[in-house]
Amino acid sequence: QVQLVESGGGLVQPGGSLRLSCAASENIFKLGVVAWFRQAPGKQRELVASITSDNKIKYADSVKGRFTISGDNTKNTVYLQLSSVEFEDTAVYSCTSGFVFWGQGTQVNVSL
């Protein structure tokens, strides 16, 4: 069982940046893909970005050009760089390995 721990959330102003980390207890790409989801209050969970073990990357249209997903196999960690954040980016961000193993999530609040 892969255990995932997210970190890096917090309060950020509009236009600012934040880097989220998803650290795994073992090979984070064990099931071939890692993804970041987010869920805002009263909204459905949204797939934000995904990355495969061979570095194929996809983004939701809402974050394309602003967020960057990357992985470090040596650290069993996947990152999500948030840039040019908007109020609508406020949510709990969670990572998943293979859509089977999930972390607890980290809160991102975009506020003045």
Side-chain angles (χ1 to χ4, degrees):
Q1 179 147 346
V2 179
Q3 295 181 333
L4 303 173
V5 178
E6 300 96 334
S7 62
L11 179 64
V12 59
Q13 293 185 341
S17 298
L18 211 58
R19 189 176 81 158
L20 307 183
S21 299
C22 173
S25 58
E26 55 180 284
N27 180 9
I28 198 168
F29 288 106
K30 185 174 183 176
L31 298 179
V33 62
V34 176
W36 282 95
F37 281 80
R38 69 184 180 184
Q39 187 163 24
K43 294 189 176 180
Q44 286 191 332
R45 188 172 61 183
E46 176 188 21
L47 174 60
V48 175
S50 63
I51 183 170
T52 64
S53 54
D54 58 351
N55 217 36
K56 291 186 176 67
I57 291 172
K58 293 183 180 180
Y59 296 101
D61 287 344
S62 58
V63 306
K64 206 171 290 184
R66 300 188 300 118
F67 291 9
T68 303
I69 191 170
S70 62
D72 185 340
N73 288 333
T74 64
K75 296 181 179 179
N76 289 327
T77 300
V78 167
Y79 304 98
L80 186 68
Q81 176 72 41
L82 285 60
S83 301
S84 302
V85 297
E86 304 168 351
F87 292 117
E88 293 75 19
D89 295 322
T90 294
V92 174
Y93 286 72
S94 302
C95 63
T96 175
S97 174
F99 306 102
V100 172
F101 305 112
W102 292 82
Q104 299 273 31
T106 186
Q107 177 72 49
V108 172
N109 286 313
V110 181
S111 180
L112 294 170

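Along the sequence shown, residues are numbered consecutively beginning with 1. If you're wondering where the values come from, they're calculated on a predicted model, not measured in any experiment.
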Q: With rounding to the nearest 0.5 Å, note down the distance linking CD in Gln44 to CZ in Arg38.
A: 13.5 Å

Q: For residues 42-102, pull every pair meeting disulfide bond (SG atoms under 2.5 Å apart), keeping only residues two or more places apart or in separate chains.
A: Cys22-Cys95

Q) Can you name the closest pair of heavy atoms from Leu47 and Ala60 and give their distance? A) O-CB, 3.3 Å

Q. In terms of heavy-atom contacts, does CD of Gln3 have more than 12 from other residues, nucleotides or ligands at under 6.0 Å?
A. no

(Q) Before you tell me yes or no, could you show the steps for Gln81 and Ser17 under side-chain contact (heavy atoms from CB on, under 4.5 Å), namely the whole-Å CA-CA distance, both residues' side-chain angles and the distance that decides it to 0.1 Å? (A) CA-CA 7 Å; Gln81 176 72 41; Ser17 298; 3.8 Å; yes

Q.
So does Ala91 get a backbone contact from the side chain of Gln39, meaning a donor-acceptor N/O pair under 3.5 Å?
A. no

Q.
Under the criterion side-chain contact (heavy atoms from CB on, under 4.5 Å), I'd like the reasoning laid out for Ile57 against Tyr59: C-alpha separation, chi angles, the key distance, then a yes or no.
A. CA-CA 7 Å; Ile57 291 172; Tyr59 296 101; 3.3 Å; yes

Q. Is a donor on one side and an acceptor on the other found under 3.5 Å between the side chain of Tyr93 and the backbone of Ser7?
A. no

Q.
Is any side-chain heavy atom of Glu46 closer than 4.5 Å to one of Ser62?
A. yes

Q | Contacts of Arg66 that satisfy side-chain contact (heavy atoms from CB on, under 4.5 Å) - sequence neighbours left out | A | Val63, Ser84, Glu86, Asp89

Q: Locate the shortest heavy-atom distance separating Asn27 from Val2; write the atom from each residue and the value.
A: O-CG2, 4.3 Å

Q. Do Thr90 side-chain atoms and Asn109 backbone N/O form a donor-acceptor pair below 3.5 Å?
A. no

Q. Once you round to the nearest 0.5 Å, how far does OG1 of Thr96 lie from CH2 of Trp36?
A. 11.0 Å

**Q.** Heavy-atom side-chain proximity of Phe29 to Asn76 below 4.5 angstrom
**A.** no

**Q.** Shortest non-hydrogen separation from Val85 to Leu82 and the atoms involved
**A.** CG1-CB, 3.8 Å

Q: Report yes if the side chains of Val48 and Leu80 come closer than 4.5 Å at any heavy-atom pair, otherwise no.
A: yes

Q) Are Phe37 and Trp102 close enough that their ring centers fall under 6.0 Å? A) yes

(Q) Is the positively charged end of Arg19 above the ring of Tyr79, judged by distance under 6.0 angstrom from the centroid and angle within 45° of the axis? (A) yes

(Q) I need the minimum non-hydrogen distance between Val34 and Ile69, along with the two atoms involved. (A) O-CD1, 4.2 Å

Q: Determine whether the side chains of Gln13 and Ser111 contain a donor N or O and an acceptor N or O closer than 3.5 Å.
A: no

(Q) What's the separation between atom CD in Gln1 and atom NZ in Lys30, rounded to the nearest 0.5 Å? (A) 9.0 Å

Q) Within the side chain of Ser97, is there an N or O that forms a donor-acceptor pair under 3.5 Å with the backbone of Phe101? A) no

Q: For Thr106 and Val92, run side-chain contact (heavy atoms from CB on, under 4.5 Å): C-alpha distance rounded to whole Å, both residues' side-chain angles, the deciding distance at 0.1 Å, then the answer.
A: CA-CA 5 Å; Thr106 186; Val92 174; over 6 Å; no

Q: For the pair Ser21 and Glu6, evaluate side-chain hydrogen bond (donor to acceptor under 3.5 Å, both in side chains) and give the outcome as yes or no after the intermediate values.
A: CA-CA 5 Å; Ser21 299; Glu6 300 96 334; over 6 Å; no

Q. Is there a path from Ile28 to Val33 through hydrophobic residues (I, L, V, M, F, W, Y) whose side chains come within less than 4.5 Å of each other?
A. no

Q: Heavy atoms only: give me the nearest Leu4-Ala24 pair and the separation to one decimal.
A: CD2-CB, 3.6 Å

Q: Any chance you could lay out the side-chain contact (heavy atoms from CB on, under 4.5 Å) test for Phe99 and Leu31, step after step, and finish with the verdict?
A: CA-CA 9 Å; Phe99 306 102; Leu31 298 179; over 6 Å; no

Q. With a 4.5 Å heavy-atom cut-off, do Phe87 and Leu112 have their side chains touching?
A. yes

